[in-house]
**Student:** 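After the structure tokens below, expect a handful of questions from me.
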Amino acid sequence: MKPYDFTLNELLSKRGFVLSRTRYVRHDYRALAAWRRGSANFDHFVSYQRDDSLSPYNGAEIAVQFVPQGSTGALFVGAHYVVDSWTASDNPERNPSLWTPFEEDYGQDLDHRRYDLARIDVVEDLVGRLIIDWGAATRSWSQWAERRPKPIVELRATAEDEAFPGFGEFTSTVEELLALPSSWQNALASVNGVYLLVCPETGEQYVGSAYGDGGFMGRWTSYAVNGHGGNKLLLVRKRTNYAISILEIASPDMSASEIINRESAWKTKLGSRAHGLNAN
């Protein structure tokens, strides 16, 4: 996608942000999942951070918050003033200002830092609409705004989920599954068939099938929860963020045994028994 002719730095400067005191923070898919549950859930999630020199808010007065959008994109989900912070073990009874009882309590182990954050209203109109190109260095997930101008690649008319790409074009990873838009999850739960997992480190393949209630999404959720889905060869491997795609959609009248036969045919075609991760 072609970038716009202006950067996020220029836009924020026009709205009064002091870039030398501002950090851009691109959170991971856990934050995206919290965002899907609601902005209050997201605010709660990002109020708990590590208590060391790598905390994403270190030295900043403002945090401009993003969640992943594709491989290097970032969707703007709000900006916060960093009002106060404290080590959880020093004051375990004090909750962050944006704490909510409706979100998981991330502070049980006390090995973290808690932040009082306050949303910045002047950019709320851009929430869920503005997408930037973060660049290839996605592991550097907290960056000083003044040093890292970010090109704007899309400004949507309204805040809305991306359209589902279709079963043939769909790709994801195990870690991203539970953060997919609810409309995507519903689509994936509505059909059964044969799917493919690929190890990002070795390229080894695993062919599986979904034929029960919940369709593909119901089957894949077990991988998101435990990393192996009960599969023999995956059980003995370290937890891996497998890439996921769909090989074949089953027709509504296909029985479980017919879907399993189609799974077996794909295993033969791709050689996933002899050279992949299928044990049978």
**Student:** If only atom types and distance count, is the side chain of Ser47 paired as donor or acceptor with the main-chain N or O of Asp43 below 3.5 Å?
**Tutor:** yes
**Student:** Would you call the rings of His44 and Tyr48 parallel, tilted or perpendicular, taking 30° and 60° as the class edges?
**Tutor:** tilted
**Student:** Would you say Leu196 ends up clustered with Phe167 if hydrophobic residues are merged whenever their side chains have heavy atoms under 4.5 Å apart, either directly or through other cluster members?
**Tutor:** no
**Student:** Can you name the nearest heavy-atom pair linking Val123 to Ala79, along with the distance?
**Tutor:** CG2-CB, 3.8 Å
**Student:** Work out which heavy atom in Asp52 is nearest to a heavy atom in Leu54; give both atom names and the distance.
**Tutor:** OD1-N, 2.8 Å
**Student:** Measuring from atom CZ of Phe76 to atom CG of Leu130, what distance do you get when rounded to the nearest 0.5 angstrom?
**Tutor:** 7.5 Å
**Student:** Look up atom CG in Leu197 and atom CD1 in Ile244, then write down how far apart they are to the nearest 0.5 Å.
**Tutor:** 5.5 Å
**Student:** For Asn278 and Val207, indicate whether the former's side chain and the latter's backbone hold a donor-acceptor pair under 3.5 Å.
**Tutor:** yes
**Student:** Would you compute the distance between atom CH2 of Trp141 and atom CZ of Phe66 and round it to the nearest 0.5 angstrom?
**Tutor:** 13.5 Å
**Student:** Do the side chain of Arg113 and the main chain of Ser55 share a donor and acceptor less than 3.5 angstrom apart?
**Tutor:** no
**Student:** If you define the side chain from C-beta out and look only at heavy atoms, does anything of Met217 sit under 4.5 Å from Leu178?
**Tutor:** yes
**Student:** Side chain of Arg262, backbone of Glu248: donor and acceptor closer than 3.5 Å?
**Tutor:** no
**Student:** Counting distance only, does the side-chain N/O of Thr72 pair as donor-acceptor with the main-chain N or O of Gly70 below 3.5 Å?
**Tutor:** no
**Student:** Donor-acceptor pair, Thr87 side chain versus Asp90 backbone, under 3.5 Å?
**Tutor:** no
**Student:** Count I, L, V, M, F, W, Y as connected when their side-chain heavy atoms are under 4.5 Å apart, and connections chain through other members. Are Leu247 and Leu234 then in the same cluster?
**Tutor:** no
**Student:** Using only atom types and a distance under 3.5 Å, with no angle test, would you say the side chain of Asn9 pairs donor to acceptor with the backbone of Ala145?
**Tutor:** yes
**Student:** Between the side chain of Glu258 and the main-chain N/O of Ser255, is any donor-acceptor distance below 3.5 Å?
**Tutor:** yes
**Student:** Does one hydrophobic cluster hold both Tyr195 and Val225, with members joined at side-chain heavy-atom distances below 4.5 Å?
**Tutor:** no
**Student:** Atom CE in Met254, atom OH in Tyr211: separation rounded to 0.5 Å?
**Tutor:** 13.0 Å
**Student:** So, do Tyr57 and Tyr115 have ring centers that fall under 6.0 Å from each other?
**Tutor:** yes
**Student:** Quick one, Arg94 with Asp84, criterion side-chain contact (heavy atoms from CB on, under 4.5 Å). Give me CA distance, side-chain angles, the key distance, then yes/no.
**Tutor:** CA-CA 12 Å; Arg94 178 182 172 187; Asp84 194 13; 3.0 Å; yes
**Student:** Is Glu201 salt-bridged to Arg237, going by a charged N under 4.0 Å from an acidic O?
**Tutor:** no
**Student:** Any idea which heavy atoms bring Ala40 and Thr100 closest together, and the distance?
**Tutor:** O-CG2, 3.8 Å
**Student:** How are the rings of Phe42 and His27 set to each other: parallel, tilted or perpendicular (split at 30° and 60°)?
**Tutor:** perpendicular
**Student:** Do the non-hydrogen side-chain atoms of Trp86 and Asp116 ever get within less than 4.5 Å of each other?
**Tutor:** yes
**Student:** Donor-acceptor check, side chain of Arg129 to backbone of Asp125, threshold 3.5 angstrom: yes or no?
**Tutor:** yes
**Student:** Hydrophobic cluster membership, with links at side-chain heavy-atom distances under 4.5 Å among I/L/V/M/F/W/Y: are Ile132 and Trp35 in one?
**Tutor:** yes
**Student:** What verdict does the side-chain contact (heavy atoms from CB on, under 4.5 Å) test give for Leu98 and His80, after you've listed the backbone C-alpha separation in whole Å, the side-chain angles of each residue and the deciding distance to 0.1 Å?
**Tutor:** CA-CA 11 Å; Leu98 296 181; His80 294 104; 3.9 Å; yes
**Student:** Taking C-beta and beyond as the side chain, do Leu32 and Leu75 meet within less than 4.5 Å on heavy atoms?
**Tutor:** no
**Student:** Does the side chain of Gln143 come under 3.5 Å of the side chain of Tyr24 through a donor N or O and an acceptor N or O?
**Tutor:** no
**Student:** Rounded to the nearest 0.5 Å, what separation is found between the CD1 atom of Ile62 and the CZ atom of Phe17?
**Tutor:** 5.0 Å
**Student:** Looking at every heavy atom in both Val83 and Ala118, which two are closest together, and how far apart are they?
**Tutor:** CG2-CB, 4.1 Å
**Student:** Which heavy atom of Glu263 sits nearest a heavy atom of Ser209, and at what distance?
**Tutor:** OE1-OG, 2.6 Å
**Student:** Within a reach of under 6.0 Å around CZ of Arg21, are more than 12 heavy atoms found that belong to other residues, nucleotides or ligands?
**Tutor:** no
**Student:** When you look at Ser140 and Arg148, which way does the side-chain contact (heavy atoms from CB on, under 4.5 Å) test go after all the steps?
**Tutor:** CA-CA 11 Å; Ser140 178; Arg148 303 284 185 177; 5.7 Å; no
**Student:** Quick check: closest heavy atoms across Leu180 and Ser172, and the distance to 0.1 Å?
**Tutor:** CD2-OG, 4.0 Å
**Student:** Between CG of Asn231 and CG of Asn226, what distance do you get to the nearest 0.5 Å?
**Tutor:** 9.0 Å
**Student:** Any heavy-atom pair between the side chains of Glu61 and Val18 that's under 4.5 Å?
**Tutor:** no
**Student:** Got a donor-acceptor contact below 3.5 angstrom from the Arg273 side chain to the Asn280 backbone?
**Tutor:** yes
**Student:** Going hydrophobic residue to hydrophobic residue with side-chain gaps under 4.5 angstrom, can you get from Tyr81 over to Leu126?
**Tutor:** yes
**Student:** Restricting to ring pair (Phe, Tyr, Trp, His ring centres under 6.0 Å), what partner residues turn up for Trp266, sequence neighbours left out?
**Tutor:** none
**Student:** A side-chain contact here means heavy atoms from C-beta on lying under 4.5 Å apart; do Leu117 and Pro96 qualify?
**Tutor:** no
**Student:** Report the C-alpha separation of Lys14 and Glu10 in whole Å, then their side-chain angles, then the decisive distance to 0.1 Å, and conclude whether the salt bridge (Lys or Arg N to Asp or Glu O under 4.0 Å) test is met.
**Tutor:** CA-CA 6 Å; Lys14 291 179 182 296; Glu10 293 172 286; over 6 Å; no
**Student:** Would you call Arg119 and Ser39 a side-chain contact if the rule is heavy atoms closer than 4.5 Å?
**Tutor:** yes
